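Worksheet for the structure shown next.
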There are 2 protein chains.
Amino acid sequence: MSSYSPKRALFDSFAEVAKALSHGSRLEILEQLAQGERSVEGLADRTGLSVANASQHLRLMQRAALLASRREGKHVLYRLSDPSVLHLVAALRKVAESKHAAARDVIGGYFRERDALEAVSREELAARIKAGIVTVLDVRPEDEYATGHLPRAINIPLRELSRRLRKLPKRREIVAYCRGPYCVLAFEAVAFLRERGWKVRRLEDGFPEWKAAGLPVVERVDG
Amino acid sequence: MSSYSPKRALFDSFAEVAKALSHGSRLEILEQLAQGERSVEGLADRTGLSVANASQHLRLMQRAALLASRREGKHVLYRLSDPSVLHLVAALRKVAESKHAAARDVIGGYFRERDALEAVSREELAARIKAGIVTVLDVRPEDEYATGHLPRAINIPLRELSRRLRKLPKRREIVAYCRGPYCVLAFEAVAFLRERGWKVRRLEDGFPEWKAAGLPVVERVDG
DNA sequence: GTTACATTCAATAATTCTATAGAATGATCT
DNA sequence: AGATCATTCTATAGAATTATTGAATGTAAC
């Protein structure tokens, strides 16, 4: 009809990007990288993949231009190549969420209390942080907190929460956050603290989305 | 670290959506469906696929919730399940465009005059149509025009343009459009008409994006 | 230079995806 | 009811993807 080969080449190159997203492990890696730079070994640990396998997935995504890498000492650190990658993953999530039965089942099962634990918007939290009327709680692991976190956020990884409860004020409102919309850490922290009488809500989405929205962050500034 | 199986099931279901996008033919089908409903045979014709193969691609995308279908007489008509699918494809395009070398090469080669033929924004065109100070030219095939088009647009398929030049005013500005950002029809129409002295520009993107932006359209209203 | 170590490469087997051809389904029309 | 036609299903062969293993590469530390 209109044209044949150049157009098809274009669609094929788009398809290559989509293919780079079309594996659960790679999406899991992308969620990790949305937090910040990671080494191959670090990603392999967190995702449960072998180092060689993680390396292959990473290289594939790098070829598809989703990732970039740099060397630091012995380690090769990967990162998202561009904020547009985060937008792409978000768009993917939205389609799957609104329509996909399997996703619905999982969300309905695992995140059943989601609506009950209503979320605070980024804008609202930003205003409250500025006004100093809220305690921000980062429940991610320490190293993720170290690479970047919300201003004035205190870090208590979920598994240490019960041991370090005394650090949390009972009067002030607490807002907990973690990696992103499907990170369970913040959900569990909110449920745990509410049971024990704290006044606590959850930030919508997580750290990467906050950063992508151009809101202020505290970041590690090494080379 | 955080959780294992439910989270992984979630990522796997996202991956299924991405996989549905990960084939050039399927993206080509999606571009067609962005124009409006299409039968299996119609899509097979336009994409050069066999009917059976097109049917398989369609079913795969339907399972991944990208498409919906309905029966009308002898034909099964497929459509995009949701506007979010269009956003997803746009996000995919953006990542590929900004970063992917292959896409760049093709764009650089085939659309080399892109910048020279500067585009009119949707908003600007909408205002001009309302004010009645522009001629809108739809260069898609007749059947695509018939299923939906911009208000007051006249339809002259590209291949008939040279025969029907007298229908076009020389004084008024003309804005041409077609399917979307990678549809070549409008580019070629603009180049053709400019050479012959018309004052003509191209609409950014195409009909699906116009419609998705909530701007007014004329649509066929059969059952 | 040699060693240690993180990462990548190469080869492989198992699995999954793709396109084709022909049969089966399901709806319309006479 | 039977004929016709669009679509989907089934089976299959070829191609591509995935995870694993062990070797190779390249950098840093000694």
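Throughout, a chain's letter reflects where its sequence line sits, starting with A, and its residues are numbered from 1. Because the structure is predicted, anything quoted here is derived from the model rather than measured.
- Across D:dT8, D:dA6, C:dT7, the shortest atom-to-atom separation from the side chain of B:V51 is found for D:dT8.
- With rounding to whole Å, B:D45 atom CG is found 10 Å from D:dA6 atom P.
- For A:S22 and A:A52, each mapped to the nucleotide of DNA chain D holding its nearest heavy atom, the one lying further toward the 5' end belongs to A:S22.
- Residues A:L60 and B:K74 both approach DNA chain D. Their nearest nucleotides, taken by heavy-atom distance, put B:K74 toward the 5′ side.
- Regarding contacts with the backbone of C:dA19, every side-chain N or O of B:S50 stays at 4.0 angstrom or more from both OP1 and OP2.
- Comparing A:K19 and A:Q56 along DNA chain C, the residue whose closest nucleotide (by nearest heavy atom) sits nearer the 5' end is A:Q56.
- For the pair B:R179 and B:F207, the cation does not sit on the ring face, since its NZ or CZ is not both under 6.0 Å from the ring centre and inside 45° of the axis.
- Straight-line distance from the CG atom of B:L58 to the P atom of D:dT7: 9 Å, rounded to whole Å.
- Within the 4.0 Å cut-off from OP1 or OP2 of D:dT17, not a single side-chain nitrogen or oxygen of A:H23 is found.
- Rounded to a whole Å, the CD atom of A:E41 is 12 Å from the P atom of C:dT8.
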For B:T47 and B:Q32, run side chain to side chain donor-acceptor pair (under 3.5 Å): C-alpha distance rounded to whole Å, both residues' side-chain angles, the deciding distance at 0.1 Å, then the answer.
CA-CA 9 Å; B:T47 54; B:Q32 284 294 332; over 6 Å; no
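- Taken from CD in B:E16 to NE2 in A:H23, the straight-line distance is 13.5 Å, to the nearest 0.5 Å.
- For A:Q62 and C:dT7, the CD to P distance is 13 Å, given to the nearest whole Å.
- Contact annotation: B:R59 side-chain N/O to D:dT7 OP1/OP2 distance is not under 4.0 Å.
- Here D:dA6 presents its P atom at 13 Å from CG of B:L77, a figure rounded to the nearest Å.
- Distances shorter than 4.0 Å separate none of the side-chain N or O atoms of A:Y78 from OP1 or OP2 on C:dA6.
- Rounded to whole angstrom, the span from the CG atom of B:L49 across to the P atom of D:dT7 amounts to 14 Å.
- Between the CZ atom of B:R26 and the P atom of C:dT18 there is a distance of 5 Å, rounded to whole Å.
- Here the side chain of B:W210 pairs no donor or acceptor atom with the backbone of B:H149 at under 3.5 angstrom.
- When rounded to the nearest whole Å, the span between CZ of B:R63 and P of C:dT16 equals 14 Å.
- A donor-acceptor pair shorter than 3.5 Å can be found between the side chains of A:S25 and B:R8.
- Listed candidates were C:dT7, D:dA19, C:dT8. Nearest to the side chain of A:H57 is D:dA19.
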